[in-house]
Amino acid sequence: MKRIAIFASGTGSNAKKIVEHFAENDNIEVSLIVSNKSKAGVLNLAKTHNIPYLILNRQDFYHTENILEEFTVYPIDFIVLAGFLWLIPEYLVKAFSKRMVNIHPALLPAYGGKGMYGHHVHQAVWEAKEKVSGMTIHYVSEHYDEGNIIFQAECQLASTDSPEEIAKKVLQLEHQHYARIIEELLLKKQQP
Ligand code: GRF
């Protein structure tokens, strides 16, 4: 059994897709949901599906390695960031090297980095009059949006698309691919 922890700060629509994708899977399970916000929408998902959840404390997260101990309870094999806004500290990146992925709502390396999240990304894409946008799934490093790219998918943009419409197209792509790519990565890791 491979056990996933999903980290999310917001609504958790990607987290929901992932939880639903693995709900009937005997080999892969979402075992923990982690958030930095006690009121994040994603916690309702945890409650609905009876998934244990953890609310992070900034001090603990950055100045202790307690979370690694917490993970041994399940034990967690793989971390999925799905709209998690805090930078991942080095000790966690190291402990989960090649076992932690993030999804970004643009075609990295364009429109990534600090401050490039949520509507800021789509606004920038819109201002640049891009004809194409998309999403990127990548490994997590100590820097925002810089780990090796695993998978990208594109969508065409119309000149009439508003930033909100761009966001919708991109989110649809995320929902379509994220769980599938996670599954592929986990299955690959099980091979000898
Ligand atoms: C997604 O657009 C993802 O790419 C970004 O944060 C957003 C999370 O949305 N990292 P949701 O909470 O999964 O709806």
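We count ligands from 1, going down the list as the structure has it; atoms in each ligand are counted the same way. This is a predicted model, so every value here is computed, not measured.
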Stacked cation flag Lys98 on Tyr139, 6.0 angstrom / 45 deg:
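Ring-cation test returns yes.
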Ala82 versus ligand 1: do any nitrogen or oxygen atoms come within less than 3.5 Å of each other?
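Ala82 vs ligand 1: no N/O contact under 3.5 Å.
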Measure Glu174 to ligand 1 on non-hydrogen atoms and call it side chain, backbone, both or neither using the 4.0 Å cut-off.
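Looking at Glu174 and ligand 1, just side chain atoms fall under 4.0 Å.
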Counting non-hydrogen protein atoms only, what is the nearest one to [atom]? Give residue, atom name and distance.
atom                    : answer
atom 13 (O) of ligand 1 : Asn14 N, 2.8 Å
atom 12 (O) of ligand 1 : Gly12 N, 2.8 Å
atom 7 (C) of ligand 1  : Gly83 CA, 4.1 Å

[X] bridged to [Y] by N-O distance under 4.0 Å:
X      : Y      : result
Lys168 : Glu164 : no
Arg180 : Glu184 : yes
Glu20  : Lys16  : yes

Assert yes or no for the condition that the ring centre distance of Phe71 to Phe96 is strictly below 6.0 Å.
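So the answer is yes for these two rings.
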Residue from Glu146, His138, Met135, Met116 passing side-chain contact (heavy atoms from CB on, under 4.5 Å) with Leu108:
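Passing option: His138.
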At less than 4.0 angstrom from any non-hydrogen atom of Ile103, what atoms of ligand 1 do you find?
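Per the distance check, 3 (C), 4 (O), 5 (C), 10 (N).
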Where ligand 1 meets Ser13 - atom numbers and elements under 4.0 angstrom, heavy-atom basis:
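This gives 11 (P), 12 (O), 13 (O), 14 (O) as the contact atoms.
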